[in-house]
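Take a look at the structure set out below.
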Amino acid sequence: MTARPISETVASLMPRAKAELAELVAFRSVADPAQFPTSECEAAADWVADALRAEDFQDVALLDTPDGTRSVYGFLPGPAGAPTVLLYAHYDVQPPLDESAWLSPPFELTERDGRWFGRGAADCKGGFIMHLLALRALKANGGVPVSVKVIAEGSEEQGTGGLERYAEAHPELLAADTIVIGDTGNFRVGLPTVTSTLRGMTMLRVRLDTLEGNLHSGQFGGAAPDALAAMIQLLASLRAEDGTTTVDGLATDAVWDGLQYPEDEFRKDAKVLDGVELIGTGTVADRIWDRPAVTVVGIDCPPVVGATPSLQASARAQISLRVPPGQDATEATKLLTAHLRAHAPWGARVTVEQVGQGQPFRADMTSPAYTSMAEAMRVAYPGQEMQSSGMGGSIPLCNTLAGLCPEAEILLIGLSEPEAQIHAVNESVSPEELERLSVTEALFLRNYAESRKG
């Protein structure tokens with residue numbers, strides 16, 4: 001059994017994959033009705049369900065999850081006695097941010113410079129297409145040797161926990177021997193990588209109130225407490241002078257002992273401007289994979305255009321805290337909340353609201369499934385050995401599945417390598433990576449089925 005039939009089949013399927021990804025990217029499936037109509041997510045979910053039915057999946061269902069979104073489920077039975085593999089992706093996407101900053105329309109898949117651009121092309125609509133390609137290649141070359149469950153989440157980017165809560169209420173639905181999460185990425189284009197850790201996340205909104213109403217800054221400024229100034233001071237307390245996250249009681253000294261991320265490569269990937277310093281201490285890998293990181297992701301305040309000389313009576317900010325493996329996201333939430341209350345200046349009234357949370361994750365790389373994946377990557381990426389890295393982002397479902405299926409092996413692969421610029425403008429996917437990772441997944445499923453015989 002060689003990889004050539006699989007690789008040739010996947011290559012022949014790539015034009016169809018591009019057309020399908022274009023259809024899927026066209027849905028403005030941001031799971032936030034304040035930004036886009038829910039009909040966009042519903043249409044994307046219907047598209048995913050129809051794609052599974054076309055591949056002979058059974059029990060295809062649109063699952064109404066507790067956060068008001070829909071996840072799509074399907075089951076493809078394999079040979080008698082074969083193991084079950086759960087394949088995960090999500091069809092919801094981040095908002096496009098400033099659409100005028102995109103070089104091509106964000107919801108129109110556009111080929112440029114050897115890549116396919118569009119919101120969700122890599123994160124994670126491309127991940128769903130990757131699963132389809134792998135399964136189609138196997139069906140064309142002897143059949144799928146395992147039973148397959150597919151789950152496509154509808155609110156992963158919002159962190160509202162709908163699928164986690166649904167899975168907890170229906171633990172048998174997603175039970176599997178091995179789980180492949182198709183929502184991470186290679187460390188570099190062409191370097192096959194599994195993600196061994198994920199940082200967790202907590203998202204809080206904090207509001208400060210200092211006055212009954214806005215005041216004239218000339219008449220009252222200098223004595224009346226300005227809520228926006230108070231917010232600026234409060235947010236500044238979350239970082240040390242060098243940019244290190246400083247939440248009271250939260251450890252920030254962990255050391256990453258795996259694959260390292262050279263600073264010059266990181267500066268290039270992050271597009272840091274010349275002369276601007278990186279923040280924090282330790283190696284880049286320490287900072288982005290193994291330590292907490294706070295980010296102010298939004299502030300409600302008057303825009304510059306149309307601003308008046310007024311003291312603000314209230315101000316609101318949304319804060320994301322990435323929580324590294326080894327720390328508990330619930331405890332980190334409590335520490336961040338306590339910090340915000342303790343550091344609000346001038347006796348400002350503080351209101352804190354939690355809007356999302358997910359636990360960090362650490363994979364067991366000694367499990368047999370990783371041997372099967374390493375063999376698959378060695379063939380799909382000739383001359384390369386499988387590498388492992390951390391990922392600073394969060395996939396809350398990982399820990400939920402680990403808790404519900406403690407015997408299951410969990411592997412994380414995907415299309416979100418650095419050039420993909422996920423969550424930013426001009427997100428893109430490498431079609432070569434889509435092709436190679438689809439070959440990888442198909443070979444993995446074969447290898448894994450063989451390893452479980454006898």
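Index from 1, following the sequence.
Using a cutoff of 4.0 Å between basic side-chain nitrogens and carboxylate oxygens, Arg267 and Asp264 are not scored as salt-bridged. At a threshold of 4.0 Å, the pair Arg349-Asp209 does not count as salt-bridged, since none of the basic side-chain nitrogens sits closer than that to a carboxylate oxygen. At a threshold of 4.0 Å, the pair Arg28-Glu99 counts as salt-bridged, since one of the basic side-chain nitrogens sits closer than that to a carboxylate oxygen.
In this structure, Val30 and Glu40 have side chains that are not in contact, with every pair of non-hydrogen atoms separated by 4.5 Å or more. At least one side-chain heavy atom of Leu340 sits less than 4.5 Å from a side-chain heavy atom of Leu234. With contacts defined as side-chain heavy-atom distances shorter than 4.5 Å, the pair Asp67/Gln158 does not qualify. Residues Arg199 and Phe361 fail the side-chain proximity criterion, which asks for heavy atoms closer than 4.5 Å.
Using the six-membered ring where Trp is involved, Tyr166 and His170 have ring planes that are parallel, under 30° apart on the 30 and 60° scheme.
Checked by atom type, the side-chain pair Arg115/Ser428 shows a donor-acceptor distance below 3.5 Å. No side-chain donor-acceptor contact under 3.5 Å links Glu164 and Thr400. Side chain to side chain, Gln357 and Thr330 meet the donor-acceptor criterion of an N or O pair below 3.5 Å. With 3.5 Å as the limit, one finds no donor-acceptor pair spanning the side chains of Gln233 and His343.
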- Item | Intermediate values then yes/no, salt bridge (Lys or Arg N to Asp or Glu O under 4.0 Å), Asp269 and Arg188 | CA-CA 10 Å; Asp269 292 339; Arg188 281 268 168 267; 2.8 Å; yes

- Take Val352 and Arg341 through the test side chain to side chain contact (heavy atoms under 4.5 Å, CB included) and record every step on the way to the result. CA-CA 8 Å; Val352 180; Arg341 295 189 185 281; 4.1 Å; yes

- Could you walk me through whether Ser367 and Asp364 pass the side-chain hydrogen bond (donor to acceptor under 3.5 Å, both in side chains) test, one step at a time? CA-CA 6 Å; Ser367 64; Asp364 176 12; 5.3 Å; no

- I would like to know whether Leu24 and Glu20 meet side chain to side chain contact (heavy atoms under 4.5 Å, CB included); could you show each step before the answer? CA-CA 6 Å; Leu24 197 48; Glu20 289 178 324; over 6 Å; no

- side-chain hydrogen bond (donor to acceptor under 3.5 Å, both in side chains) assessment of Asn186 paired with Glu433: CA-CA 9 Å; Asn186 287 341; Glu433 289 289 72; 2.7 Å; yes

- Task: Take Asp123 and Glu427 through the test side chain to side chain contact (heavy atoms under 4.5 Å, CB included) and record every step on the way to the result.
- Result: CA-CA 9 Å; Asp123 183 26; Glu427 177 185 346; 3.7 Å; yes

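Checking Cys398, Pro325, Ser196 one by one against Arg362, the side chain to side chain contact (heavy atoms under 4.5 Å, CB included) holds for a single residue, Pro325.
Within the 3.5 Å criterion, the main-chain N or O of Arg239 finds no donor-acceptor partner in the side chain of Thr245. No side-chain donor-acceptor contact under 3.5 Å links Ser372 to the backbone of Tyr370. Gln260 places a side-chain N or O within donor-acceptor distance of the main-chain N or O of Trp256, the cut-off being under 3.5 Å.
Open room surrounds CG on Asp257; 12 or fewer heavy atoms of other groups in view lie less than 6.0 Å from it.
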